[in-house]
Every structure is written in structure tokens, then in C-alpha cells.
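No hydrogens, no waters, no symmetry mates; every other heavy atom, side chains included, goes into these values. Everything numeric here is computed off the predicted structure, so don't read it as measured data.
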Amino acid sequence: MGYLTKLPGVPDRDDVKPGMAHFVGSLGDPSKTCGDCKWRGYYRKGRDKVNPHTQLIESKQVKTMGCREFLRLTHRHGPPVFSEWKACKFFVEAPDDQKRR
């Protein structure tokens with residue numbers, strides 16, 4: 001619990017979740033979650049490995065469940081964002097086939 005006065009409709013320190021682009025629940029629609037968001041989940045560069053047969057360097061892409069909007073805003077990869085968290089103000093509805101639960 002924060003030590004500041006809690007004002008209705010204003011995010012508090014307790015509303016911050018690591019890796020989210022903005023405060024939890026700042027969208028206004030409580031039925032929307034991060035699992036429904038287009039920005040949750042993206043590929044990032046993994047470790048380079050040398051193929052022993054061809055002696056070529058191969059790059060691997062790794063799937064992360066972080067927030068792509070957090071990456072765009074901070075230029076850092078954040079921790080995974082859980083699908084049941086309330087959506088933030090950067091929420092964009094994902095197509096039904098891309099929703100990640």
C-alpha cells in the first residue's frame with residue numbers, strides 16, 4: 001500500500017506491474033486483459049550458435065511473452081506479462097486467432 005493519498009481514478013504505486021507499458025487497469029474496460037492484447041508476446045534474438053557441419057553462425061529467434069509496447073517505449077526487454085492482468089491504456093484488441101492465453 002502506498003503512503004500517498006489514494007484518489008479515485010488515479011493510478012497508485014500498487015497499480016504498477018513490471019514489464020507493462022502503463023498502469024494496470026488504466027484502459028477503463030475491466031473485461032479486457034493483457035491476454036487479449038495485440039502487444040503481448042513477440043520474438044527476440046536468441047543466442048548465436050555455430051553449426052558444426054557447415055561452420056556457419058546461426059541465429060535463433062526466441063518467443064517471449066513480454067509487452068512489445070513496453071519494449072518500444074523503454075528500448076528494454078521487460079519480464080513476461082501475465083494474460084490475466086487488466087489491460088493498460090496501450091491496449092489494442094488482437095484478432096481472435098492471435099489471442100494468447
Side-chain angles (χ1 to χ4, degrees):
M1 182 72 183
Y3 59 88
L4 299 174
T5 303
K6 178 68 175 148
L7 299 173
V10 177
D12 192 8
R13 179 174 61 182
D14 299 330
D15 298 329
V16 175
K17 299 284 187 183
M20 285 191 67
H22 201 260
F23 295 103
V24 165
S26 56
L27 176 66
D29 185 356
S31 67
K32 301 297 181 186
T33 64
C34 288
D36 302 323
C37 186
K38 171 183 175 180
W39 304 127
R40 183 174 175 261
Y42 60 92
Y43 287 94
R44 64 186 281 188
K45 187 179 181 305
R47 279 200 175 160
D48 292 338
K49 293 184 179 179
V50 177
N51 185 328
H53 302 294
T54 62
Q55 300 301 317
L56 296 175
I57 297 175
E58 296 176 349
S59 290
K60 185 176 181 183
Q61 295 292 319
V62 178
K63 178 76 171 195
T64 180
M65 294 315 287
C67 179
R68 197 173 350 154
E69 193 64 17
F70 178 84
L71 173 64
R72 186 186 71 81
L73 292 169
T74 64
H75 303 286
R76 293 184 306 124
H77 295 284
V81 174
F82 295 104
S83 62
E84 60 272 358
W85 287 351
K86 292 181 184 176
C88 74
K89 77 173 189 174
F90 292 105
F91 175 83
V92 175
E93 184 82 33
D96 289 334
D97 61 336
Q98 292 181 354
K99 289 186 180 178
R100 300 167 192 101
R101 291 280 170 183

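D48 approaches S59 most closely through the heavy-atom pair OD1-OG, 2.9 Å. Contact between S31 and D36 at its shortest, heavy atoms only, is O-OD2, 4.1 Å. Pairing each heavy atom of E58 with each of N51, the nearest pair is OE2-ND2, 2.7 Å. Contact detail for G19 and P79: the closest heavy-atom pair is CA-CD, 3.7 Å. In plain terms, the two heavy atoms of K63 and G41 that are nearest each other are NZ-C, 4.3 Å.
In this structure the side chain of C34 reaches within 4.5 angstrom of the side chain of M20, judged on heavy atoms. Side chains of Q55 and V50 form a contact here, defined as non-hydrogen atoms less than 4.5 Å apart.
The line from NZ of K17 to SG of C88 is 13.0 Å long, rounded to the nearest 0.5 Å. Note that NZ of K86 and OG1 of T33 are 11.0 Å apart. Values are rounded to the nearest 0.5 Å.
For the salt bridge (charged side-chain N to carboxylate O under 4.0 Å, His left out) criterion with E93, the lone passing option out of K38, K32, R40 is K32. Under the side-chain contact (heavy atoms from CB on, under 4.5 Å) rule, E69 has a single partner from Y42, F91, F90, which is F90.
Qualifying ring-ring contact (aromatic ring centres under 6.0 Å, His included) partners for F82, counting only residues two or more places apart in sequence or in other chains: W85.
Other residues, nucleotides and ligands contribute over 12 non-hydrogen atoms within 6.0 Å of the NZ atom of K45.
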